[in-house]
Number of protein chains: 2
Amino acid sequence: MATTKIRNMEEFAEVSGVSRPTLSKYFHDPDSVRASTRDKIEKKLAEFNYRPNIYAMNQNRKLTNNIGIVVPYLADPVFAEFARTIELLCHSAGYRPTVFTAHGHPEEEVEILEALRAMKPAGLLMAPLGRASDRLEIERFCDDIPTVFFDSELSGLDVPFVGADNPQFTRTMVEYLCRTGSPPCFFEMKTPANPNARKRRNSYIETMEANGHDPQIIQADGEGWSFEEIGLQAGLKAFEDKAFTSDTILCSNDRIAIGLLTAAYEKGITVGLGANTDIRIAGQDDHPFSRFTCPPLTTIAQDFEAISRQSFDLLMAKLNDQEIPMQNSYIEGKLIMRDSA
Amino acid sequence: MATTKIRNMEEFAEVSGVSRPTLSKYFHDPDSVRASTRDKIEKKLAEFNYRPNIYAMNQNRKLTNNIGIVVPYLADPVFAEFARTIELLCHSAGYRPTVFTAHGHPEEEVEILEALRAMKPAGLLMAPLGRASDRLEIERFCDDIPTVFFDSELSGLDVPFVGADNPQFTRTMVEYLCRTGSPPCFFEMKTPANPNARKRRNSYIETMEANGHDPQIIQADGEGWSFEEIGLQAGLKAFEDKAFTSDTILCSNDRIAIGLLTAAYEKGITVGLGANTDIRIAGQDDHPFSRFTCPPLTTIAQDFEAISRQSFDLLMAKLNDQEIPMQNSYIEGKLIMRDSA
DNA sequence: ATAAAAACTTTACGAGCGTAAAAATAAAAC
DNA sequence: GTTTTATTTTTACGCTCGTAAAGTTTTTAT
């Protein structure tokens with residue numbers, strides 16, 4: 001029966017029989033007031049449906065409870081998954097997460113940071129674009145606002161990082177492939193957007209050599225974030241040129257592998273681990289769609305949960321001024337055996 | 001050479017030689033001040049890198065320049081695509097868009113709306129969850145804040161809508177399939193999350209009957225947003241039970257079709273329009289991945305650009321108190337012929 | 001050159017809340 | 001029941017910017 005509209009905290013203080021400063025405390029942290037007071041407030045809160053003005057709140061707080069989540073490309077299901085997981089963590093810890101995407105453009109990444117600065121966020125969880133990122137601008141931001149990088153790191157900056165153990169990913173897959181068939185050649189983008197790609201290539205070379213095999217790398221032209229399309233086009237060309245030096249192809253990531261699977265299909269080349277198939281294809285990341293490719297893609301699963309959790313915990317530690325281990329954290333992936341390899 | 005840090009507009013007024021109210025006007029709309037004044041401000045702006053406190057700004061403005069974008073499930077690439085397109089439109093019109101996702105849960109949808117209310121946004125562009133949505137809460141919100149629905153409508157509410165012309169989608173596809181082979185049966189979820197599904201089913205039935213064919217519907221069990229998985233499991237079962245009454249299967253949407261393609265693959269059933277294939281499969285939506293399925297999926301393309309543009313324009317009209325045509329807008333899709341049908 | 005219009009400055013108040021200090025009250029401890 | 005301790009109330013000021021009104025300066029029109 002809210003007869004009058006509550007316009008501000010003062011009016012709500014009147015109807016609830018609690019003073020405004022106490023209300024202010026309550027909204028800051030409900031547990032900071034006596035249980036009886038809390039009950040009184042919450043009863044009236046349900047009745048009047050009042051919410052404090054967040055702008056007035058944040059204006060005076062040195063620190064807001066906003067947390068920024070920045071990803072390079074939200075239309076990539078891998079980042080959608082990261083964003084989703086981290087959002088949930090923030091939310092359940094009482095923070096207000098906001099997801100931003102750079103749409104693959106470094107200028108947008110900087111713009112986001114500038115807009116974010118105006119929001120005075122408590123902290124930032126960021127998966128930087130990588131190679132293309134404007135290091136200087138990002139560094140300037142991280143100096144002011146507690147930040148943790150996830151998924152891809154920007155070396156040289158004094159910012160903790162949590163992400164996949166890329167060398168382990170590739171090593172695990174190369175060893176599996178060698179164990180079960182011919183040693184793989186490696187299919188990747190010539191100029192990958194993401195720094196993880198380099199680590200995977202290096203690990204491929206190392207592991208192959210360690211096992212006495214000759215590493216063979218096939219590189220796809222093309223820039224941007226249309227990995228499937230790049231994998232498809234370069235795959236078609238490579239099949240035509242007989243550029244693949246092995247009947248087993250390890251792709252730098254699942255999205256490229258998805259494109260390559262399509263290329264194989266169009267060329268009439270059968271993929272799988274059966275005796276009557278032509279080649280094997282493997283990916284890395286366990287992209288949400290890789291279970292639905294034809295054949296389902298053998299890959300290494302990112303531990304989204306662990307990466308999200310750890311990067312969030314690191315940020316919390318930073319916010320609470322705890323001594324944090326500045327060493328980066330690399331999370332292992334798990335081999336997901338499906339039919340493609 | 002910013003020797004002193006600028007803390008607020010007053011301090012910036014001093015160093016820039018412009019009065020604070022004029023600055024306020026400038027930040028509200030740069031074109032509202034004289035060119036010479038604008039230059040003076042912008043010169044100092046570059047030098048001192050000052051930005052007004054958005055919280056203080058929004059606190060006093062009756063209307064912020066925030067625009068909310070709410071989608072039911074951001075991990076679905078179709079919505080990622082919508083979000084991306086609309087974000088860009090808002091941005092280039094000088095608004096500050098913020099994307100929210102309900103993660104498929106009606107409670108979260110309501111929470112977003114409540115958080116959004118606190119942000120006092122100028123307007124909202126929303127793709128409601130649909131069937132599961134809390135109509136009452138959404139209606140209450142739309143009464144207060146200018147809103148436009150896109151992608152899926154909530155009938156009965158006085159809110160303009162822009163979305164796909166679902167009957168046209170299905171009609172176009174059914175006619176194409178009939179023209180080029182056997183009349184299709186229809187594969188859908190029994191309890192679809194999205195109201196568009198119903199329209200597509202109805203259109204399927206109508207079109208089939210209009211062409212003198214017997215409509216046949218196969219329904220998949222399962223709830224939630226894992227459409228591919230649902231399509232896969234139900235597809236496997238349907239193949240085993242020989243439940244598909246035609247060698248041509250039209251799916252309610254691409255994601256289900258992707259699951260069904262995987263099911264066909266696992267059953268050794270070949271898909272395509274060649275003479276030596278077993279069945280044809282078609283989807284609807286032109287999901288970003290449907291070009292990369294094996295075989296590439298024949299589908300109807302959503303006109304993301306047009307839907308985004310029109311819903312944004314509608315919202316702008318609402319914000320400017322223009323007389324808007326309250327009739328809903330349905331955007332036609334285009335047949336994308338690929339190899340699966 | 002003069003009048004009219006537009007833009008700017010000065011002054012002043014308001015928005016909604018944070019927060020500090022002192023006084024009053026309630027709860028817990030003994 | 002009194003003392004101690006924890007909460008709450010009262011009072012008061014601050015934050016940053018929006019915005020209105022009246023006066024001044026600059027620009028435009030004639």
Side-chain angles (χ1 to χ4, degrees), chain A residues 4-45 48-66 94 96 115 117-122, chain B residues 4-45 48-66 94 96 115 117-122:
Chain A
T4 32
K5 273 272 171 189
I6 305 296
R7 311 215 147 274
N8 53 40
M9 211 179 261
E10 189 133 23
E11 286 185 22
F12 186 69
E14 264 178 50
V15 300
S16 62
V18 174
S19 73
R20 192 173 67 76
T22 304
L23 280 177
S24 181
K25 264 190 85 181
Y26 168 83
F27 284 117
H28 198 358
D29 174 14
D31 290 332
S32 68
V33 302
R34 206 148 48 200
S36 61
T37 312
R38 190 162 55 243
D39 288 348
K40 212 157 58 170
I41 294 171
E42 278 164 3
K43 231 175 89 184
K44 290 293 172 179
L45 214 47
F48 284 92
N49 188 34
Y50 159 78
R51 304 195 73 181
N53 180 319
I54 49 167
Y55 299 111
M57 281 177 63
N58 287 333
Q59 174 182 350
N60 295 323
R61 275 224 254 268
K62 59 221 79 184
L63 207 77
T64 70
N65 64 346
N66 294 326
R96 294 174 34 84
R117 194 189 289 275
M119 289 177 66
K120 298 188 198 299
Chain B
T4 32
K5 272 271 174 192
I6 303 296
R7 312 214 146 276
N8 54 38
M9 211 181 262
E10 189 132 21
E11 285 184 23
F12 186 68
E14 263 179 53
V15 300
S16 63
V18 174
S19 74
R20 194 173 67 75
T22 303
L23 280 177
S24 181
K25 264 189 84 180
Y26 167 83
F27 284 117
H28 199 358
D29 174 13
D31 290 332
S32 68
V33 301
R34 211 155 37 209
S36 60
T37 312
R38 189 161 55 244
D39 288 349
K40 211 156 59 170
I41 295 171
E42 278 165 1
K43 230 174 92 185
K44 291 291 171 179
L45 213 48
F48 284 91
N49 188 35
Y50 160 78
R51 304 195 73 181
N53 181 320
I54 51 168
Y55 299 112
M57 281 177 62
N58 287 336
Q59 173 182 355
N60 296 324
R61 274 222 256 267
K62 59 220 80 186
L63 206 79
T64 70
N65 64 346
N66 295 327
R96 292 173 36 83
R117 193 190 288 276
M119 288 177 66
K120 299 189 195 300

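Numbered from 1 within each chain, the chains take letters A, B, ... in sequence-line order. Since we're looking at a predicted model, the values are computed, not measured.
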From [atom1] ([X]) to [atom2] ([Y]), nearest 0.5 Å:
{"X": "B/Thr37", "Y": "B/Lys25", "atom1": "OG1", "atom2": "NZ", "result": "9.5 Å"}
{"X": "B/Ser16", "Y": "B/Lys44", "atom1": "OG", "atom2": "NZ", "result": "8.0 Å"}
{"X": "A/Gln59", "Y": "A/Lys120", "atom1": "CD", "atom2": "NZ", "result": "9.5 Å"}
{"X": "B/Met57", "Y": "B/Asn65", "atom1": "CE", "atom2": "CG", "result": "6.5 Å"}

Taking only side-chain N and O atoms of B/Asn53, does any of them lie within less than 4.0 angstrom of OP1 or OP2 on D/dT16? no
Contact under 4.0 Å: A/Tyr50 side-chain N or O vs C/dC17 OP1/OP2: yes
With five pairs defining each end axis, the helix from C/dA1-D/dT30 to C/dC30-D/dG1 comes out bent, to 10°, by 20°
Atom [atom1] of [X] and atom [atom2] of [N]: how far apart are they, to the nearest Å?
{"X": "A/Glu10", "N": "C/dC17", "atom1": "CD", "atom2": "P", "answer": "9 Å"}
{"X": "A/Arg7", "N": "C/dG14", "atom1": "CZ", "atom2": "C1'", "answer": "15 Å"}
{"X": "A/Tyr26", "N": "C/dC17", "atom1": "OH", "atom2": "C1'", "answer": "17 Å"}
{"X": "B/Ile6", "N": "D/dT16", "atom1": "CD1", "atom2": "P", "answer": "12 Å"}
{"X": "B/Lys120", "N": "C/dG16", "atom1": "NZ", "atom2": "C1'", "answer": "9 Å"}
{"X": "A/Phe27", "N": "D/dT8", "atom1": "CZ", "atom2": "P", "answer": "14 Å"}
{"X": "A/Phe12", "N": "C/dG18", "atom1": "CZ", "atom2": "P", "answer": "14 Å"}
{"X": "B/Asn58", "N": "D/dG18", "atom1": "CG", "atom2": "P", "answer": "9 Å"}

Is it true that atom CD of B/Glu10 has more than 12 heavy atoms of other residues, nucleotides or ligands lying nearer than 6.0 Å? no
Polar pair under 3.5 Å, donor/acceptor by atom type, side chain A/Gln59, base C/dC17: no
Mark yes or no for whether A/Tyr55, through its side chain, and B/Met119, through its backbone, hold a donor-acceptor pair below 3.5 Å. yes
Donor-acceptor check, side chain of A/Tyr50 to backbone of A/Met9, threshold 3.5 angstrom: yes or no? yes
With sequence neighbours left out, what residues match A/Thr22 under side-chain hydrogen bond (donor to acceptor under 3.5 Å, both in side chains)? A/Ser19
Sugar-phosphate atoms are those with a prime plus P, OP1 and OP2; base atoms are the rest. Using that split, label each nucleotide of nucleotides 7-13 of chain C B, S or - for protein heavy atoms under 4.0 Å, 5' to 3'. SSBBBB-
Between B/Lys40 and B/Val18, which heavy-atom pair has the shortest distance, and what is it? CE-CG2, 3.6 Å
